[in-house]
Amino acid sequence: MPTPLKIQHLRQFLLAADNGSFRLAAQGTFRSQAAVSAAMQDLEQQLGAPLFEPGKRAQLTPLGLAVAPLFRELLATHDRVLDAALRLGKGHEGPVALAVMPSLADEWLPRLLERYARSHPDVRIRAIDEPSPDVHRLVLSGEVQVGVAGQVPRTDEVAFTPVARDAFGIVCRKGHPLARRRGAVPWSALAEERLIGNATFETLKNRDLGSAIDDPAMVVSNRASLLASVAGGLGVTVLPVLARPATGSGLAFVPLAEPVVERIVGVLTRKEETLPPAVAAMHALALRSLTQFTRRKGAALI
């Protein structure tokens, strides 16, 4: 098997050929002129014929002229591949796929993506919102590398890092009688209201929280449309603290009790699988960002 060509030798050869000087080739590669001369002798020995005319200052032989473009192509490929590998290794490039439950998709997710894109401008990102069970499924199958969802029955293949203990409350207009009550209200208070269901109701069904939860008057899955429906006076809804409307929305959030119902929200990855650097950076940022968002929204940290 032929001895592999040394990249340093090719770089020195091309510098000598382009500048007509072994001295400049030595300076350009931070070696002595004697070391470059020895390297060129090694290269000629590998090829079996002279590359430079004897007694002339780095003047190429016909063989040297013939192999110069080949060496230049090989060196360019090496440098391109090395640069790409280093960018992947440092997390500057590489695809990242993320799945987030819908209640975080409108307010939290855009801020996460903006922060990540600012520090990793060349990373390709794919972000989707899916119900928590589907987020788990997507992480398990490898279709996404990072998930943010409520906790579902644990599996041996998925690692779940809990961040927030997210309780539920009523979302209504600020002028609504429920909004004027002090403290938490019981779930039974929903019996007298026109209730608008949403995607989080799957978490609440079959918990003896009242027939309104199991069979709401209407269902609106999109969070923006849901809040608009409440603001328009079509009814009230139930959302977790992390999905509560922003201040200034004209809507109130009233905690629910008797019983207090909570969900655990966290970040998911596949177990025992080393994350590529770009994905690891997204995972770390998701944990930090979700922690900050939990504090700001007033949910309990774990």
Practice task
Decide whether Val144 and Phe160 are clustered together by the hydrophobic rule: side chain heavy atoms of Ile, Leu, Val, Met, Phe, Trp, Tyr closer than 4.5 Å, transitively.
Solution key: yes

Does the [X] side chain pair with the main chain of [Y], one donor and one acceptor, at a distance under 3.5 Å?
X: Arg165; Y: Ala299; result: no
X: Arg23; Y: Gln33; result: no
X: Gln145; Y: Ala97; result: yes

What pair of heavy atoms forms the shortest contact from [X] to [Y], and how long is it?
X: Leu287; Y: Thr291; answer: O-OG1, 2.8 Å
X: Val230; Y: Val171; answer: CG1-O, 3.7 Å
X: Leu242; Y: Phe293; answer: O-CE2, 3.4 Å

Practice task
Check whether the side chains of Asn198 and Thr200 place a donor and an acceptor atom closer than 3.5 Å, and report yes or no.
Solution key: yes

Handout entry: Residue pair His176 / Glu193, side-chain donor-acceptor N/O under 3.5 Å
Key = yes

Measure the shortest side-chain to side-chain distance between [X] and [Y] over non-hydrogen atoms and say whether it is less than 4.5 angstrom.
X: Val220; Y: Thr237; answer: no
X: Met282; Y: Leu112; answer: yes
X: Met101; Y: Pro240; answer: no
X: Gln8; Y: Thr29; answer: yes
X: Val96; Y: Val279; answer: yes
X: Leu109; Y: Leu98; answer: yes

Exercise for the section: Sort out for me which residue in Asp166, Leu227, Ile170 forms a side chain to side chain contact (heavy atoms under 4.5 Å, CB included) with Leu239. Expected result: Leu227

Practice task
Look at Asp18 together with Arg72 and state whether they make a salt bridge at an N to O cut-off of under 4.0 Å.
Solution key: yes

Practice task
Output yes when Glu107 and Lys297 qualify as a salt bridge under the 4.0 Å nitrogen-oxygen rule, no when they do not.
Solution key: yes

Crowding at [atom1], [X] (>12 non-hydrogen neighbours, <6.0 Å):
X: Lys6; atom1: NZ; result: no
X: Glu192; atom1: CD; result: no
X: Arg137; atom1: CZ; result: yes

Exercise for the section: Just jot down the ring pair (Phe, Tyr, Trp, His ring centres under 6.0 Å) partners of Phe13, sequence neighbours excluded, or say none. Expected result: Phe52, Phe71

